[in-house]
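Report on one structure; see the data block that follows.
Below, read A as the first sequence line, B as the second, and so on, with proteins coming before strands; counting in each chain starts at 1. The figures that follow rest on heavy atoms only: side chains count, while hydrogens, waters and symmetry mates do not.
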There are 2 protein chains.
Amino acid sequence: MPGRNGKGPPWWHGKFRSCGYRLTIPREMILDVLNKAAKHLSAEEIYLAVQKVYSAIGLTTIYRTLELLVQMGLVFKFDFGDKRSRYELADGPKGIRHHYHLVCTGCGRVIDYTDFIDEAKELLLQTQKGLTKKYNFKITNHLIQFYGLCEKCQK
Amino acid sequence: MPGRNGKGPPWWHGKFRSCGYRLTIPREMILDVLNKAAKHLSAEEIYLAVQKVYSAIGLTTIYRTLELLVQMGLVFKFDFGDKRSRYELADGPKGIRHHYHLVCTGCGRVIDYTDFIDEAKELLLQTQKGLTKKYNFKITNHLIQFYGLCEKCQK
DNA sequence: ATTGGGAATGAAAACCATTACCATTAGGAG
DNA sequence: CTCCTAATGGTAATGGTTTTCATTCCCAAT
Ligand SMILES: [Mn+2]
Ligand SMILES: [Mn+2]
Ligand SMILES: [Zn+2]
Ligand SMILES: [Zn+2]
């Protein structure tokens, strides 16, 4: 698993090259921050994190790079209702830890969950197939989120 | 079915009263526009539509009222990726036409679909139950959307 | 290694949907 | 009908995101 936790070019280098995009310091930095992020980061949070070690970084580059990464499928962009987009590494072919989100409308906390993924996959596959046929729509992605109140916010 | 297509007070009057909210011209107008809207409207679209027949309306009131209606559960608020929120009447107890959305990432077209709703309901119910127990989360709502390319945008 | 040219960057300004502010209006209980 | 207060609407402010443009620098070709 090159680049995952040691030396060797990170696994995303190949993808960049094959798309004809250049490998630059800012892009590496941003991917690095996302890679070791514990949670869902906003553009500004990424900006501040990168800035700590590469002070020349500009917020514009953060936005531009994130857009690129999303469009490449390396990163997911979410809206959890706190008026700013949040980003999360899509985990390469190895680290398949696909998951969904549970959003507390009280305090904004977001929980990743992987439960019922298999059952969901089955249904989604069927739905996808049906919709593709009926509407001639080529489905590439989907979004599932649950909203509610976390333990604390229920009281 | 009072107010649905004839005389009598619209079905939402009761809900307003019971929540202690006043029935005002602007609110009625906005609900009226949403009620006969063919598709998912933005705040500004609603503003323009109401203005046609009630020119004193203010955009601020549109936003405030929509927030209220969403909070009351009468209206749903969506983000289809076009940088502005879109709203849709949640259809009262009668017109239960619950549906999900298919969003074209090429042209932004949004298709309502009702297929596989029953299967989805079943899965959602189970998932909901499981998540509630595991995370002690009180789930009140959920969001499902498919993204892809519509017929035109595939070529 | 050097270099030329287009991709990528960053500072600053613009954008624009949404909110905050506040003086004025009007719903509806009594 | 009156009064109190919720609701309204014009305007200014907010703030995340995008645009602009001059400068930098990746990297394929030499
Ligand atoms: Mn996540
Ligand atoms: Mn719809
Ligand atoms: Zn909470
Ligand atoms: Zn399309």
Side-chain angles (χ1 to χ4, degrees), chain A residues 9-10 12-31 33 40-72 74-75 77-87 108, chain B residues 9-10 12-31 33 40-72 74-75 77-87 108:
Chain A
W12 56 69
H13 279 207
K15 193 144 191 170
F16 258 81
R17 283 277 161 52
S18 67
C19 288
Y21 298 125
R22 292 182 182 172
L23 276 171
T24 67
I25 309 286
R27 285 173 181 176
E28 296 256 36
M29 293 278 190
I30 291 168
L31 276 163
V33 164
H40 316 91
L41 302 177
S42 68
E44 186 171 16
E45 285 169 345
I46 296 169
Y47 173 60
L48 294 174
V50 172
Q51 206 178 40
K52 276 197 173 66
V53 62
Y54 183 75
S55 65
I57 193 74
L59 185 54
T60 308
T61 300
I62 304 288
Y63 278 106
R64 262 189 312 231
T65 302
L66 285 170
E67 184 186 5
L68 184 72
L69 295 174
V70 167
Q71 180 249 312
M72 286 172 71
L74 290 179
V75 164
K77 180 179 184 178
F78 293 104
D79 168 22
F80 295 138
D82 63 342
K83 317 215 183 280
R84 76 207 60 197
S85 296
R86 300 212 161 252
Y87 302 85
Chain B
W12 56 69
H13 278 207
K15 194 143 193 172
F16 259 81
R17 283 278 162 54
S18 68
C19 288
Y21 297 126
R22 291 183 183 171
L23 277 170
T24 67
I25 309 286
R27 287 172 178 175
E28 294 258 36
M29 293 279 189
I30 290 167
L31 276 163
V33 164
H40 316 90
L41 302 177
S42 69
E44 186 172 13
E45 284 169 346
I46 295 168
Y47 173 59
L48 293 174
V50 172
Q51 205 178 41
K52 276 198 170 66
V53 62
Y54 184 73
S55 64
I57 193 75
L59 186 53
T60 306
T61 301
I62 304 288
Y63 278 105
R64 263 190 312 234
T65 302
L66 286 171
E67 185 188 4
L68 183 72
L69 295 174
V70 167
Q71 181 250 309
M72 286 173 70
L74 290 180
V75 164
K77 179 181 185 176
F78 293 104
D79 169 22
F80 295 137
D82 64 341
K83 320 213 182 280
R84 76 207 59 197
S85 296
R86 300 211 161 254
Y87 302 85

Quick one, which residues of residues 42-53 of chain B touch DNA chain D with a heavy atom under 4.0 Å? none

Take the protein atom [atom1] of [X] and the nucleotide atom [atom2] of [N], then report the distance between them rounded to whole Å.
{"X": "B/Arg84", "N": "C/dT18", "atom1": "CZ", "atom2": "P", "result": "8 Å"}
{"X": "B/Glu28", "N": "C/dA26", "atom1": "CD", "atom2": "P", "result": "16 Å"}
{"X": "A/Tyr63", "N": "D/dG16", "atom1": "OH", "atom2": "P", "result": "7 Å"}
{"X": "A/Glu67", "N": "C/dT9", "atom1": "CD", "atom2": "P", "result": "12 Å"}

Counting side-chain heavy atoms from C-beta on, which of D/dG9, C/dA17, C/dT9 comes nearest to B/Arg64? D/dG9

Looking at the side chain of B/Thr24, which of C/dG27, C/dT19, C/dT18 is the nearest nucleotide?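 For B/Thr24, the side-chain atoms sit closest to C/dG27.
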
Partners meeting salt bridge (Lys or Arg N to Asp or Glu O under 4.0 Å) with B/Arg86 (sequence neighbours left out):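 If we apply the salt bridge (Lys or Arg N to Asp or Glu O under 4.0 Å) test to B/Arg86, skipping adjacent residues, the hits are B/Glu45, B/Asp82.
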
Is the closest side-chain heavy-atom distance between B/Met29 and B/Ile57 below 4.5 Å? no

Can you find a heavy atom in the side chain of B/Phe16 that is under 4.5 Å from one in the side chain of B/Leu68?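 Yes, at least one pair of side-chain atoms sits under 4.5 Å.
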
Hey, does the side-chain of [X] have a donor or acceptor N/O within less than 3.5 Å of a partner on the base of [N]?
{"X": "B/Arg22", "N": "D/dA6", "answer": "yes"}
{"X": "B/Arg17", "N": "C/dG28", "answer": "no"}
{"X": "A/Thr60", "N": "C/dA12", "answer": "yes"}

Assign B/Tyr54 to base, sugar-phosphate, or nothing according to its heavy-atom contacts below 4.0 angstrom with the strands shown. sugar-phosphate

Quick check for you: to the nearest 0.5 Å, what is the distance between B/Leu31 atom CG and B/Leu69 atom CG?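 Here the rounded value is 5.0 Å.
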
If you round to the nearest 0.5 Å, how far is CZ of B/Arg27 from OH of B/Tyr21?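 B/Tyr21 atom OH to B/Arg27 atom CZ measures 8.0 Å (nearest 0.5 Å).
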
